[in-house]
Amino acid sequence: MSMSLQLTPVEAVACCSPLSREPLSESEAEGIVPLLKALADPVRLRLMSLVASHEGGEACVCDLNDAFELSQPTISHHLKVLHEAGLLEREKRRVWVYYRARTDALSGLAALIGGQGQ
């Protein structure tokens, strides 16, 4: 029986060399795709930016709804996609959910694309 190691998208991007140093393997590329797909939507990219740049580094879903002409369930869906991809952490406090950007995921993507570090 063969067992293969399954990395989360954040772990996959963290272990890759910058694109300018060496080509990605097929499995590395497949592991990183969920992060890039999550950010490829304009609403999710804006949400990521709003959360990451929000005072204190976190934002309540109640702070994010007014930035869009979208329903609250639609905003929550986009936040869920970002969370499931590993780009956001979330914490429920009473009736509200607060989101915080995963700086390790963002740093890993920046290093992968920008050719920094490692």
Side-chain angles (χ1 to χ4, degrees):
M1 173 179 1
S2 89
M3 293 178 54
S4 63
L5 177 63
Q6 294 292 327
L7 299 177
T8 68
V10 173
E11 292 168 337
V13 77
C15 73
C16 292
S17 296
L19 295 175
S20 60
R21 187 176 319 159
E22 63 185 69
L24 292 174
S25 70
E26 185 175 343
S27 64
E28 288 171 331
E30 287 174 2
I32 296 164
V33 164
L35 293 176
L36 298 175
K37 279 185 176 181
L39 289 174
D41 181 271
V43 171
R44 290 194 290 268
L45 186 57
R46 284 190 59 218
L47 280 168
M48 193 71 211
S49 176
L50 286 166
V51 171
S53 65
H54 200 269
E55 185 178 336
E58 70 176 11
C60 173
V61 70
C62 60
D63 298 325
L64 303 170
N65 288 329
D66 292 340
F68 300 90
E69 291 184 17
L70 298 169
S71 68
Q72 188 276 323
T74 300
I75 298 298
S76 291
H77 165 75
H78 286 296
L79 290 166
K80 179 181 175 186
V81 170
L82 291 167
H83 171 73
E84 288 177 348
L87 292 164
L88 290 177
E89 295 175 340
R90 69 180 174 199
E91 178 183 347
K92 187 167 184 170
R93 299 180 197 155
R94 297 190 180 136
V95 298
W96 295 110
V97 178
Y98 288 77
Y99 291 89
R100 178 178 295 278
R102 294 224 17 223
T103 54
D104 57 334
L106 296 176
S107 296
L109 280 173
L112 174 74
I113 294 168
Q116 302 298 316
Q118 303 196 21

Spacing of CZ belonging to Arg102 relative to CG belonging to Leu35, to within rounding of 0.5 Å: 9.0 Å
Main-chain N/O of Phe68 paired with Arg46 side-chain donor or acceptor, under 3.5 Å: no
For the student: nearest non-hydrogen atoms of Lys92 and Arg94, plus distance: CE-O, 3.2 Å
Working for side chain to side chain contact (heavy atoms under 4.5 Å, CB included), residues Leu109 and Leu87: CA-CA 10 Å; Leu109 280 173; Leu87 292 164; 4.2 Å; yes
Linked, directly or transitively: Val33 and Leu82 (ILVMFWY side chains, under 4.5 Å): no
Heavy-atom side-chain proximity of Ser76 to Gln72 below 4.5 angstrom: yes
Option from Leu79, Val81, Leu39 for which side chain to side chain contact (heavy atoms under 4.5 Å, CB included) with Arg44 holds: Val81
Heavy-atom closest contact (Ala85 atom, Pro34 atom, distance): CB-O, 3.9 Å
N/O donor-acceptor pair under 3.5 Å between Ser49 side chain and Leu45 backbone: no
Validation row: Leu88, Leu47 side chains within 4.5 angstrom (heavy atoms): no
Shortest non-hydrogen separation from Gly86 to Ala105 and the atoms involved: O-CB, 3.7 Å
Closest heavy-atom pair and its distance - Ala59, His54: CB-CG, 3.7 Å
